[in-house]
Colleague: 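The structure that follows is given in the form of structure tokens.
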Amino acid sequence: MKEKDIPLIYVTSISTVLIGFNFFTIYSFLVYRSFFRDIIPGKYYVLVPVGIIWILNYFAFVKRKRFLEYNFKKDLRGGMLIILYIFITAVLLVIVADKNRKKIADQKRQHPTTRQQKPKPSLEGRIKKWWRE
């Protein structure tokens, strides 16, 4: 890897994170509207699609330098559009996440768990036990 390629990797990473947020927001909205059930079992399963998006983004646009063909210009309007895109992405992610949180809380109130759950040992308790031994 050449030193001049490092900014391209940063651009790929930032654009991938934004695209990932957009996909996750759309996915969360579809789950909220009950178009399908939640199919992501854990938070680490989000990393696989984001990794695939990063690889596609890097090899399709950045490595081939296809993004240079779009004649982006450095001007105030372009900078404002980028800032507006980032702001709208963040706001929509927070709004959809809040609605999903409220939906999950309502479902838990309507259908409480019927079995007793064992309390999880605390980190403090494990440290005290380790210290005594």
Side-chain angles (χ1 to χ4, degrees):
M1 178 185 322
K2 300 174 190 166
E3 190 172 324
K4 66 179 184 174
D5 290 342
I6 292 175
L8 296 178
I9 290 178
Y10 290 150
V11 168
T12 305
S13 300
I14 291 171
S15 64
T16 299
V17 166
L18 290 172
I19 292 168
F21 280 151
N22 288 336
F23 280 142
F24 186 69
T25 302
I26 292 167
Y27 166 78
S28 297
F29 181 74
L30 293 175
V31 169
Y32 172 72
R33 289 291 183 181
S34 300
F35 284 110
F36 54 85
R37 292 190 64 221
D38 194 6
I39 57 174
I40 297 178
K43 58 187 171 186
Y44 296 112
Y45 288 91
V46 173
L47 296 177
V48 173
V50 169
I52 292 170
I53 293 169
W54 190 92
I55 291 169
L56 290 174
N57 197 3
Y58 181 74
F59 286 110
F61 290 102
V62 177
K63 188 161 181 155
R64 294 184 191 163
K65 298 188 178 183
R66 276 184 52 195
F67 66 95
L68 295 175
E69 297 171 6
Y70 295 112
N71 293 327
F72 291 119
K73 297 177 184 173
K74 292 182 183 177
D75 62 347
L76 183 63
R77 183 174 175 259
M80 293 304 288
L81 285 174
I82 291 171
I83 291 171
L84 184 66
Y85 168 73
I86 292 170
F87 179 75
I88 289 172
T89 297
V91 167
L92 286 177
L93 180 68
V94 169
I95 289 171
V96 170
D98 184 54
K99 291 197 177 294
N100 273 333
R101 182 191 58 79
K102 287 178 184 174
K103 179 181 176 183
I104 290 170
D106 290 342
Q107 286 175 350
K108 284 187 178 183
R109 257 187 254 112
Q110 290 174 357
H111 307 288
T113 57
T114 56
R115 62 186 170 119
Q116 290 289 333
Q117 296 180 350
K118 281 176 60 177
K120 295 181 181 177
S122 67
L123 178 61
E124 181 182 359
R126 286 190 281 170
I127 291 173
K128 285 180 181 179
K129 182 179 176 184
W130 174 77
W131 189 256
R132 278 186 251 135
E133 294 175 357

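Sequence positions, counted from 1, serve as the residue numbers for this chain.
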Colleague: Could you tell me which residues satisfy side chain to side chain contact (heavy atoms under 4.5 Å, CB included) with Thr16, sequence neighbours excluded, listed by chain and number?
Modeller: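 With sequence neighbours excluded, Thr16 shows a side chain to side chain contact (heavy atoms under 4.5 Å, CB included) to Thr12, Val50, Ile53, Trp54, Asn57, given in chain and number order.
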Colleague: Applying side chain to side chain contact (heavy atoms under 4.5 Å, CB included), name anything that partners Val31, two or more places apart in sequence or on another chain.
Modeller: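 With neighbours one apart ignored, the set is Tyr27, Phe36, Asp38.
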Colleague: Identify, with sequence neighbours excluded, every residue that meets side chain to side chain donor-acceptor pair (under 3.5 Å) alongside Arg126.
Modeller: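 Arg126: no side chain to side chain donor-acceptor pair (under 3.5 Å) contacts found.
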Colleague: Who pairs with Lys102 by side chain to side chain contact (heavy atoms under 4.5 Å, CB included), at least two apart in sequence or on another chain?
Modeller: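 For Lys102 the side chain to side chain contact (heavy atoms under 4.5 Å, CB included) partners, ignoring immediate neighbours, are Asp98.
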Colleague: Is Val17 linked to Ile86 within one hydrophobic cluster, defined over Ile, Leu, Val, Met, Phe, Trp and Tyr using a side-chain heavy-atom separation of less than 4.5 Å?
Modeller: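 The answer is no; the residues belong to distinct hydrophobic clusters.
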Colleague: Identify which one of Thr25, Ile26, Leu30 satisfies the side-chain contact (heavy atoms from CB on, under 4.5 Å) criterion when paired with Val96.
Modeller: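 Option passing the side-chain contact (heavy atoms from CB on, under 4.5 Å) with Val96: Thr25.
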Colleague: Which value, rounded to the nearest 0.5 Å, describes the distance between Ile104 atom CD1 and Lys99 atom NZ?
Modeller: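 One gets 14.0 Å once the value is rounded to the nearest 0.5 Å.
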Colleague: Quick one: hydrophobic cluster around Val48, which other residues, with the 4.5 Å side-chain cut-off, linked directly or via members?
Modeller: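 Besides Val48, the hydrophobic cluster comprises Ile52, Leu56, listed by chain and residue number.
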Colleague: I need the Ile83 CD1 to Met80 CE distance, nearest 0.5 Å.
Modeller: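 So the gap between those two atoms works out to 5.5 Å.
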Colleague: Tabulate below the donor-acceptor pairs under 3.5 Å that side-chain atoms of residues 87-95 make, not counting sequence neighbours, or state none.
Modeller:
from, atom 1, to, atom 2, distance (Å)
Thr89, OG1, Asn22, OD1, 3.2
Thr89, OG1, Tyr85, O, 2.8

Colleague: Less than 4.0 Å between a side-chain N and a carboxylate O, is that true for Arg109 and Asp106?
Modeller: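 A salt bridge links Asp106 with Arg109.
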Colleague: Can you list the residues that meet the ring-ring contact (aromatic ring centres under 6.0 Å, His included) rule with Phe24, with sequence neighbours excluded?
Modeller: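 Residues passing ring-ring contact (aromatic ring centres under 6.0 Å, His included) with Phe24: none at all.
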Colleague: List for me each residue that meets side chain to side chain contact (heavy atoms under 4.5 Å, CB included) alongside Glu124, sequence neighbours excluded, and say none if there are none.
Modeller: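 In terms of side chain to side chain contact (heavy atoms under 4.5 Å, CB included), with neighbours along the sequence ignored, Glu124 is linked to Ser122, Lys128.
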Colleague: Among residues at least two apart in sequence or on other chains, which ones pass salt bridge (Lys or Arg N to Asp or Glu O under 4.0 Å) with Arg33?
Modeller: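 Partners of Arg33 under the salt bridge (Lys or Arg N to Asp or Glu O under 4.0 Å) test: none.
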